[in-house]
Amino acid sequence: MAKHAVLSSGAKMWRSLPCTKAELRLDLTLACGQSFRWRETAEGHWTGVMGGRIWTLTQTEDSLWYHIYKNKESSLEDGSDRMRRTGVSVQIESKPENRIKGAPKKDDEEPLAVTSVQDTEEEKEMLRDYFQLNVKLQDLYREWGDTDPHFRHIAHIFTGVRMLRQDPTECLFSFICTSNNHISRIQGMVERLCQALGAQLCQLDQTSYYNFPSLSALADNNEACLRDLGFGYRARFLQQSAKQILDTHGIHWLDGLRSVPYLQARDALRTLPGVGTKVADCVCLMSLDKAEAVPIDTHVWQIAKRDYNYASGNAQKSITDKIHRDIGDFFRKLWGPYAGWAQSVLFCADLKKFQKLKETPHQKHSHKEETGESEMRAACKKSKRKTEESKTVKISMSACHKKAKVFF
DNA sequence: GGACGACCTGC
DNA sequence: CAGGTCGTC
């Protein structure tokens, strides 16, 4: 049976992009409640579905590594279709002689990948797009920190928290599930939603992976079925919103909201059942390119009051529309056009599961942390730096060891 | 504009 | 109660 990929095992093919941990922290970004579909399948390895493919991601200090699994049936067909269209010839990227000498060939190793150069470039572009790597997060952190001492304090530890650019449909219907709910339960619900209504892609170890359901799958499903799966009153919202989109706007409507102004997109979303101000702001920020959208929930309201001495609206019992507007404007004035990105950093830093990161005083990983392994990683990094970008690397930690010995 | 209760379920 | 929304007053 196919297994989850691990970078150090050398059993799967990995590629990489240059990307520092200051620009991206997978552990924070993928588990802070933006997307609910990534799981840590091995230490520092995150597996999830994105763009119709299953990915395992991991990172070293300067690189983002990724492995893509072959889907059950579709991929070969897709590939040949594409080649017929573009006339690009096939090339074998991972030749036997590229295998590290002495590395044992695993039984479960995949057949050598048959991939066109265009596929590879397309996959890299999907990653860059999903993580919005064109946005220089370090520069933004510096700007936010310059005008906001509290942000500077938090940002020192919570580096690399970056906004994902999610699929609008997945984002919308995931966030319809978030009302009156908490992350762990939301994760389970979204998973069951994909299991029940999404197309199966393939199975790794004991886990099956599915695409997020299409609008029509969501619309055609009846409420009772979803209620049985534990969605509660949200079952009706999911079905009705999907139906409303298809009936009154059409299948491309959501994607089209990427190119309309923030407030217009937000109002459009709010016409859907189960979508209020908070969910609409989440969808705007996380899938519709509205970096200025600042989703205000009870949690963010607490942050505003506690850390920013935010007083107006203190009399109110719950978050009113006016408080939404006022706090949103407050943060937009403080942080500027990427206010939503900054908010996600503070939100992440406030999550219970990340509190332990605050405990250890943040030593710049200098002496103590430099164990033998990280030295070898550094050596490994040096050795491949020149050829890293867009080069297929099939390498294992044992290879790093070898190179380390050469270097030192 | 703001307050209130209901809405599903599970920890 | 929990990372809300809706209908009603």
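Sequence lines set the chain letters: A, B, ... in the order given, protein chains first and strands last, and positions in each chain run from 1. Only heavy atoms go into these numbers, but all of them, side chains included; no hydrogens, no water, no symmetry mates.
Looking at A:F330, A:F331, A:W341 one by one, the single match for side chain to side chain contact (heavy atoms under 4.5 Å, CB included) with A:V294 turns out to be A:F331. The one candidate from A:L28, A:L24, A:T29 that meets the side chain to side chain contact (heavy atoms under 4.5 Å, CB included) condition with A:L26 is A:L24.
A:K278 places its NZ atom 7 Å from the P atom of C:dT5, with the value rounded to the nearest Å. Counting to the nearest Å, the P atom of C:dC6 and the CD atom of A:Q244 are 10 Å from each other. Rounded to a whole Å, the NZ atom of A:K352 is 13 Å from the C1' atom of C:dG3. Whole-Å rounding puts the A:L172 CG to C:dG4 C1' distance at 14 Å. Across the protein-nucleic acid pair, A:L346 atom CG and C:dG3 atom P stand 17 Å apart, rounded to whole Å. Taking atom CZ on A:F347 and atom C1' on C:dA2, their separation rounds to 12 Å, with Å as the unit.
Contact check on A:D139 versus A:R142 returns a salt bridge, with a Lys/Arg side-chain nitrogen under 4.0 Å from an Asp/Glu carboxylate oxygen.
Comparing the same atom, P, in C:dT8 and in B:dC8 gives a spacing of 16 Å after rounding to whole Å. Comparing C:dG3 with B:dG2, their P atoms sit 24 Å apart, to the nearest whole Å.
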Original post:
How far apart are the C-alpha atoms of A:S16 and A:S63, what are their side-chain angles, what is the distance that settles it, and do they pass the side-chain hydrogen bond (donor to acceptor under 3.5 Å, both in side chains) test?
Top reply: CA-CA 6 Å; A:S16 73; A:S63 301; 4.6 Å; no
**OP:** List the steps, then state whether salt bridge (Lys or Arg N to Asp or Glu O under 4.0 Å) holds for A:E121 with A:K124.
**Re:** CA-CA 5 Å; A:E121 204 36 60; A:K124 278 188 195 304; over 6 Å; no
**OP:** Would you sort out whether A:D167 and A:Y130 count as a side-chain hydrogen bond (donor to acceptor under 3.5 Å, both in side chains), showing the intermediate values?
**Re:** CA-CA 9 Å; A:D167 172 70; A:Y130 187 67; over 6 Å; no
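For A:N309, the CG atom is loosely surrounded, since the number of other residues' heavy atoms within 6.0 Å does not exceed 12. Atom NZ of A:K353 is surrounded by more than 12 heavy atoms from other residues, nucleotides or ligands within 6.0 Å. The number of heavy atoms from other shown groups lying within 6.0 Å of CD (A:E43) does not exceed 12.
Within residues 307-334 of chain A, the residues having any heavy atom under 4.0 Å from DNA chain B are, by residue number, A:Q316, A:K317, A:T320, A:K322. Across residues 264-277 of chain A, not one residue has a non-hydrogen atom less than 4.0 Å from an atom of DNA chain B.
Among the protein residues, A:I183 comes within range of the nucleic acid bases, having at least one heavy atom under 4.0 Å from a base atom. Base engagement by A:C32 is indicated by at least one non-hydrogen atom pair under 4.0 Å involving a base atom.
For the pair A:R37 (side chain) and A:V190 (backbone), a donor-acceptor distance under 3.5 Å is absent.
Using the Watson-Crick or G-U wobble rule with both distances under 3.5 Å, B:dT9 pairs with C:dA2.
Annotation: the span from A:L238 atom CG to A:Y233 atom OH amounts to 11.0 Å, rounded to 0.5 Å. Note that CD1 of A:I303 and OG1 of A:T298 are 10.0 Å apart. Values are rounded to the nearest 0.5 Å.
Across the interface with DNA chain C, nearest-nucleotide mapping of A:H299 and A:F237 shows A:H299 to be the residue nearer the 5′ end.
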**OP:** For nucleotides 5-11 of chain B, just jot down a letter per nucleotide in 5' to 3' order: B, S or -, based on protein non-hydrogen atoms under 4.0 Å.
**Re:** --BBB--
